[in-house]
Protein chains: 2
Amino acid sequence: MKKHFDILRKCSLFNQIEDEKLIKMLGCLGARVETFDKKYTIMAEGNPAKYIGIMLSGSAQIFQIDYFGNRSIVAGVEPSEMFCEAFACAEVAAVPVTVVANEPCEVMFIDCNHILHTCTNNCGFHQQLIFNLMKSLATKNIMFHRKIEITSKRSTREKIMAYLMFCAKKADSNSFDIPFDRQELADYLEVDRSGLSAEISKLRKQGIIKSYKKHFELL
Amino acid sequence: MKKHFDILRKCSLFNQIEDEKLIKMLGCLGARVETFDKKYTIMAEGNPAKYIGIMLSGSAQIFQIDYFGNRSIVAGVEPSEMFCEAFACAEVAAVPVTVVANEPCEVMFIDCNHILHTCTNNCGFHQQLIFNLMKSLATKNIMFHRKIEITSKRSTREKIMAYLMFCAKKADSNSFDIPFDRQELADYLEVDRSGLSAEISKLRKQGIIKSYKKHFELL
DNA sequence: AAAAGTATGTTGAAATTTCAACAAACGGAG
DNA sequence: CTCCGTTTGTTGAAATTTCAACATACTTTT
């Protein structure tokens, strides 16, 4: 557990929690760590939604896959980020998404009930954790607003530009890397991959952007 | 304030709060009520995101509108439902949406800081309110997942069917009313209104659905 | 009850997206 | 270094969506 300490400290769930408390807390919460190889399923659609996941190392992507196999990327998960906490907190029966490892991963799982309901030891940290959960759920809500703002654009070109402008704003620079390859970007923007490639080429030829693989530059 | 009591009690923010406490609490929270006529803007994009809204009577819709005037309906707001709580809780500077009254409305506004931070009277209810906020933010997260699941479908027909199947599930019946008129449904599904009308006609002719105005039936 | 305004359905043309297929570039594995 | 699998770019045809315009039905106002 020690080696993950720095990552855990950055996790929004443990905001304002002192280091010594954090260590004790993890035992009390019954946290466990599992490892996953690239492409392995960390959480499958239909699984009971009891656990909050925290990415300790590696990265993953959250998908929704329909009966025709069309996948839509909901979000990426980077180290120290939480996932599936909304399903656990809302006490839905099953998670409606699939989380797949992008690369070898270590993931910490915490039973959400251990956070929400006071344990027999009567630990004092539940209030702070609930407050932290609330904050990060609010932040995720805003992430969704942004995704909807981007994908509600009617044309591929507008979606690309809206996404790139958001990335530039986040990076605070006109030059930045995106976390998706072309197929993944297409799945995130909900457009056809080949059409996406064609449109990016066009934007490049028209001198609106520069791009090489995952690196982009707004001109 | 008295006449809104039954509505407020149903609001998820006040879950598990006893009736007598609720009354005192409202004063302490500095809740205020405003009325809006049909089509009036209850909250405008760019407003400071300090306040949580609670719909007391009437209904509204939450929009995102881009620089080209394309509007996307994010959600509807019915009596006893909260809105803009995510922006207030996440402490973003400004709300990124516009909330417009569908019909004459009464709305209660509560400064989110009064909920999150203990007041000088040291009222004991903050913990419960924060817990309730967390729950409803989690639930909204799931709403967004559903919207993304529906709008990520690539064709108008699939979007309609995904939406209607969700409505049927919610109503627990194949016969139900939807809360949108055609233009609004188009804005929610992020498609063209005339194309939507045409596709609904086609579904009707093919015997897949029955529909009359806002009433639908899956066959 | 008529008039005006709004919502819905219909249509065809134009624009866009998807799809399928292939070529080129790239990155590891051996 | 070469081979193989993967990613990215390109293309043209087919399908779909958007757009504009109008007809019809329905509501609200006067």
Side-chain angles (χ1 to χ4, degrees), chain A residues 37-39 61 66 68-73 100-104 150-164 177-206 208-216, chain B residues 37-39 61 66 68-73 100-104 150-164 177-206 208-216:
Chain A
D37 279 340
K38 183 173 176 165
K39 302 223 172 177
Q61 268 162 350
D66 70 14
F68 276 100
N70 288 320
R71 68 175 200 177
S72 159
I73 292 185
V100 177
N102 255 344
E103 49 186 312
I150 291 169
T151 57
S152 70
K153 300 274 180 286
R154 293 300 216 281
S155 71
T156 301
R157 165 179 281 240
E158 276 185 299
K159 289 184 187 185
I160 296 169
M161 287 310 292
Y163 177 68
L164 293 180
D177 289 345
I178 65 170
F180 297 130
D181 65 28
R182 290 292 181 272
Q183 181 62 62
E184 289 165 348
L185 181 58
D187 289 343
Y188 180 82
L189 299 180
E190 288 154 18
V191 297
D192 180 66
R193 182 199 59 78
S194 68
L196 173 71
S197 270
E199 199 63 42
I200 289 176
S201 298
K202 212 191 275 181
L203 284 165
R204 218 183 298 123
K205 279 176 198 146
Q206 294 175 347
I208 296 169
I209 64 171
K210 272 191 192 178
S211 81
Y212 177 70
K213 295 193 177 182
K214 295 187 175 185
H215 186 78
F216 284 80
Chain B
D37 279 340
K38 183 172 178 167
K39 303 224 171 171
Q61 269 163 348
D66 70 15
F68 276 100
N70 288 320
R71 68 174 200 178
S72 159
I73 292 186
V100 177
N102 255 343
E103 48 185 312
I150 291 169
T151 57
S152 70
K153 300 276 180 283
R154 292 302 214 281
S155 70
T156 301
R157 165 178 280 241
E158 277 186 298
K159 288 184 188 186
I160 297 169
M161 288 309 292
Y163 177 69
L164 293 180
D177 289 345
I178 66 171
F180 297 130
D181 65 27
R182 290 292 181 271
Q183 182 63 62
E184 289 164 349
L185 181 57
D187 289 343
Y188 180 83
L189 298 179
E190 287 154 20
V191 297
D192 179 67
R193 182 199 60 79
S194 68
L196 174 70
S197 269
E199 199 63 42
I200 289 176
S201 298
K202 212 191 274 180
L203 284 164
R204 219 184 296 123
K205 280 177 197 145
Q206 295 175 347
I208 296 169
I209 64 170
K210 272 191 192 176
S211 81
Y212 177 70
K213 295 195 177 183
K214 295 187 174 185
H215 187 78
F216 283 81

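Predicted model only: the values in this text are computed from it and were never measured. Order of the sequence lines fixes the chain letters, A, B, ..., with proteins taken first and strands second; residue numbering starts at 1 for each chain. Side-chain atoms are counted along with the backbone in the values below, which use heavy atoms only and exclude waters and symmetry mates.
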### Task
Check ring pair (Phe, Tyr, Trp, His ring centres under 6.0 Å) between F216(A) and all other residues, then give those that pass, not counting sequence neighbours.
none
So, taking the atom named [atom1] in [X] and the one named [atom2] in [Y], what distance separates them when rounded to the nearest 0.5 Å?
X       : Y       : atom1 : atom2 : result
Q206(A) : S201(A) : CD    : OG    : 11.0 Å
I178(B) : K214(B) : CD1   : NZ    : 7.5 Å
T151(A) : Y163(A) : OG1   : OH    : 12.5 Å

Answer with base, sugar-phosphate or nothing: what part of the nucleic acid does [X] contact at a heavy-atom distance below 4.0 Å?
X       : value
R157(B) : nothing
S197(A) : base
T156(B) : sugar-phosphate

### Query
What residues, two or more places apart in sequence or in another chain, satisfy salt bridge (Lys or Arg N to Asp or Glu O under 4.0 Å) together with R157(A)?
E199(A)
Side chain to side chain contact (heavy atoms under 4.5 Å, CB included) with [X]: which residues, sequence neighbours excluded?
X       : answer
E103(B) : S59(B)
A186(B) : Q183(B), V191(B), R193(B), L196(B)
R154(B) : E190(A)
V100(B) : T41(B), F63(B), T98(B)

Take the protein atom [atom1] of [X] and the nucleotide atom [atom2] of [N], then report the distance between them rounded to whole Å.
X       : N      : atom1 : atom2 : answer
L196(A) : dT8(D) : CG    : P     : 10 Å
D181(A) : dG5(D) : CG    : C1'   : 15 Å
I200(A) : dG9(D) : CD1   : C1'   : 10 Å
H215(A) : dT8(D) : NE2   : C1'   : 18 Å

### Query
Looking at residues at least two apart in the chain, or sitting in another chain, which of them share a side-chain hydrogen bond (donor to acceptor under 3.5 Å, both in side chains) with D181(B)?
none
### Task
Mind checking side-chain hydrogen bond (donor to acceptor under 3.5 Å, both in side chains) for T156(B) and listing every partner two or more places apart, or none if nothing turns up?
none
### Summary
Angle separating the five-pair end axes of the helix from dA1(C)-dT30(D) to dG30(C)-dC1(D), nearest 10°, is 50°
### Task
Check whether any side-chain heavy atom of K153(B) lies under 4.5 Å from a side-chain heavy atom of L189(B), and answer yes or no.
no
### Message
Within the 4.5 Å heavy-atom criterion, are R182(B) and I200(B) side-chain neighbours or not?
### Response
yes
#### Entry: Contact interval (first through last nucleotide) of DNA chain C with protein chain B, 4.0 Å heavy-atom
dT8(C) to dT18(C)
### Query
In terms of the nearest nucleotide of DNA chain D, which residue is placed more toward the 5' end: R154(A) or K214(A)?
K214(A)
### Within residues 185-193 of chain B: residues closer than 4.0 Å to DNA chain D (heavy atoms)
V191(B), D192(B)
### Message
For nucleotides 25-30 of chain D, give me one character per nucleotide, 5' to 3': B if any protein heavy atom sits under 4.0 Å from the base, S if the only such contacts are to the sugar-phosphate, - if neither.
### Response
-SS---
### Pairwise 5' ranking along DNA chain C for G195(A) and R204(B), keeping only the more 5' one
R204(B)
## Note on the structure
Assign each of Q183(B) and A198(B) the nucleotide of DNA chain C bearing its closest heavy atom; nearer the 5' end lies the nucleotide of Q183(B)
### Query
Please walk me through it: do Q61(B) and D187(B) pass side chain to side chain contact (heavy atoms under 4.5 Å, CB included)?
CA-CA 11 Å; Q61(B) 269 163 348; D187(B) 289 343; over 6 Å; no
